[in-house]
Amino acid sequence: MNDKVPTLREISCADDYDPNSMPVDKARDVISRFLSPVSTTERVHVRAALGRILAEDVISPLNVPAHDNSAMDGYAVRFTDLKTDGEVTLKIAGTSFAGAPYQGAMQSNEAVRIMTGGVVPQGADTIVMQEHVKTKDSLVTIGSGHRKNQHLRRAGEDLAVGQVALKRGLPLRPAEIGMISSIGIAEISVYRRLRVAFFSTGDELVSIGSIPQEGQIFDSNRYTIHGMLTRLGCEVLDMGVVRDDPALLEAAFKQAAANADVVITSGGVSVGEADFVKELLNKLGEVLFWKIAMKPGRPLAYGRIGSAHFFGLPGNPVSVMVTFYQFVRDALLKLAGQDPVPPLPTFKVPCTSTLKKAPGRTEFQRGILTRDANSNWSVRVTGEQGSGILRSMSEANCFIILPTDQGNVTAGTMVDVQVMEGSV
Ligand code: AMP
Ligand code: MG
């Protein structure tokens, strides 16, 4: 088998390669083939590990639970002491509470009062719920109809000694933090954070805090990119606004690539602007310029500048966010060491709006998922869908994904949605 990764140049020479109409899936696929994850690791305390990516398998050093224990409040008994028809009265020999086990072995015709989590006394094999017994002084009377081993949690049934509790490449959520703690491990090995440098390009842009002159606008992309990178746990290097000037851009690209694993820019890759940026980037590295068959977010550049990965996002604020969600997110997670990076779930719901859509491109319309009085979910589109209308992203809680061949959508049609929250 030939596993050799082709060069970007080889990809761009393939027969079916059309940079002017690049399908979304194909662009994702090309990008994914060039991603080489970070390998440096560091040790962190579990409290500081939330959101980090595990760099080693975590092997359980013990059984969880450590002992056979009770899943109910009740009485630990020997099953052979119970009757299949009629009642039996046993002597209550003692107690086994969580953290305070019964000492010694239970004899026949004895029962031990046991609470949830209490260690099952030696000799006992069955738990009878307290609701199913009658007690008088130190005697307990139990009827028939019980099963041997009922209400027992077995030692090691959750995790056995030596078992892989968590696999390398897993992002750590509160559940994993809890699992690591449950086996008594305080420090774990995680991949170092991915370092991402980013800047905005455009003569019209000013940063917040400055006063825009006539024809100038506030830079918003850098702030949304900062937010999205922070959500993904990256270390960020904000390089500000860079004018559309070849010398300034060259210096910025070089500095960014020298200091980060990934360089992200916005603006400057659309027709008209792309030419000199293209020339510049092909001098500094190897970069492909695509018109993706999607809306919004048509122009996208991807490649390498030195050893850094490069994403040249479009300038329009919605396009920036959509291309980040649809291409950059998965790539950053993979580069950061997450393995595997499963596709974000999509699911079908009825759309209550009429949607305008021309066949030919995949659309990522911004939608609002809501639940009606009967607990049924449906989606409607946020108002205007222009790629400059950032409010559409703010109002939305999902993307409505309309496939390439889809035309207009009439109200009531089932559509694919992808929830935004939690994905970035
Ligand atoms: P461009 O791709 O550079 O031609 O930009 C496309 C559109 O997005 C133009 O209207 C720009 O003014 C706008 N734009 C570019 N960069 C930014 C930015 N950082 N913040 C807000 N709008 C931007
Ligand atoms: Mg521009």
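Indexing begins at 1, ligand by ligand and atom by atom, following the structure's order.
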Counting from 1 in the order shown, the ligand 1 atoms closer than 4.0 Å to a non-hydrogen atom of Gly267 are 2 (O), 3 (O)
Would you mind checking if Glu279 and Lys283 are paired as a salt bridge, meaning a charged N to carboxylate O distance below 4.0 Å? no
Enclosure of Arg304 CZ (heavy-atom neighbours >12, cutoff 6.0 Å): yes
Would you check the N or O atoms of Gly268, main chain and side chain alike, for any that come under 3.5 Å of an N or O of ligand 1? yes
The option among Ser220, Gly215, Ser207, Gly312 carrying the non-hydrogen atom nearest to atom 21 (C) of ligand 1 is Ser220
Just need the protein heavy atom nearest to atom 22 (N) of ligand 1, so name the residue and atom and give the distance. Ile217 CD1, 3.6 Å
Answer whether the closest heavy-atom distance between the side chains of Val58 and Glu176 falls below 4.5 Å. no
Under 4.0 Å from ligand 1, counting heavy atoms only, is it the side chain of Val241, its backbone, both or neither? neither
Any idea which part of Val269 is under 4.0 Å from ligand 1, heavy-atom wise: side chain, backbone, both or neither? neither
Polar contact flag for Gly315 and ligand 1 (N/O pairs, less than 3.5 Å): yes
Is Gly202 in contact with ligand 1, taking contact as a heavy-atom separation below 4.0 Å? no
What residue and atom, counting heavy atoms only, is the protein's closest point to atom 3 (O) of ligand 1, and at what distance? Glu273 OE1, 2.6 Å
Could you name the option among Asp203, Thr224, Asp219 that has the heavy atom nearest to atom 19 (N) of ligand 1? Asp219
Quick one: does any side-chain atom of Asp203 pair with a main-chain N or O of Arg243 as donor and acceptor, under 3.5 Å? no
For atom 17 (C) of ligand 1, the closest protein heavy atom turns out to be Asn221 ND2, 3.1 Å
Can a non-hydrogen atom of Arg222 be found less than 4.0 Å from any atom of ligand 1? no
Return the closest protein heavy atom for atom 9 (C) of ligand 1 as residue, atom name and distance. Glu204 OE2, 4.2 Å
Atom 10 (O) of ligand 1: nearest protein contact (heavy atom, Å): Asn316 OD1, 4.2 Å
Would you call Asp416 and Lys348 a salt bridge, taking side-chain N to carboxylate O under 4.0 Å as the test? yes
Verify the distance test for Glu273 against the Mg ion (ligand 2): any N/O/S atom under 2.8 Å, yes or no. yes
Quick one: is the NZ or CZ of Arg113 closer than 6.0 Å to the six-membered ring centre of Tyr75, and within 45° of its axis? yes
Distance flag, aromatic centroids of Tyr325 and Phe399, threshold under 6.0 Å: yes
Aromatic ring centroids of Tyr302 and Phe327 under 6.0 Å? no
In ligand 1, the atoms that come under 4.0 Å of a heavy atom of Ser200 are 19 (N)
May I ask you to say whether Arg192 pairs ionically with Glu42, meaning some side-chain N is under 4.0 Å from a carboxylate O? no
NZ/NE/NH1/NH2 to OD/OE distance under 4.0 Å, Lys26 and Asp29: no
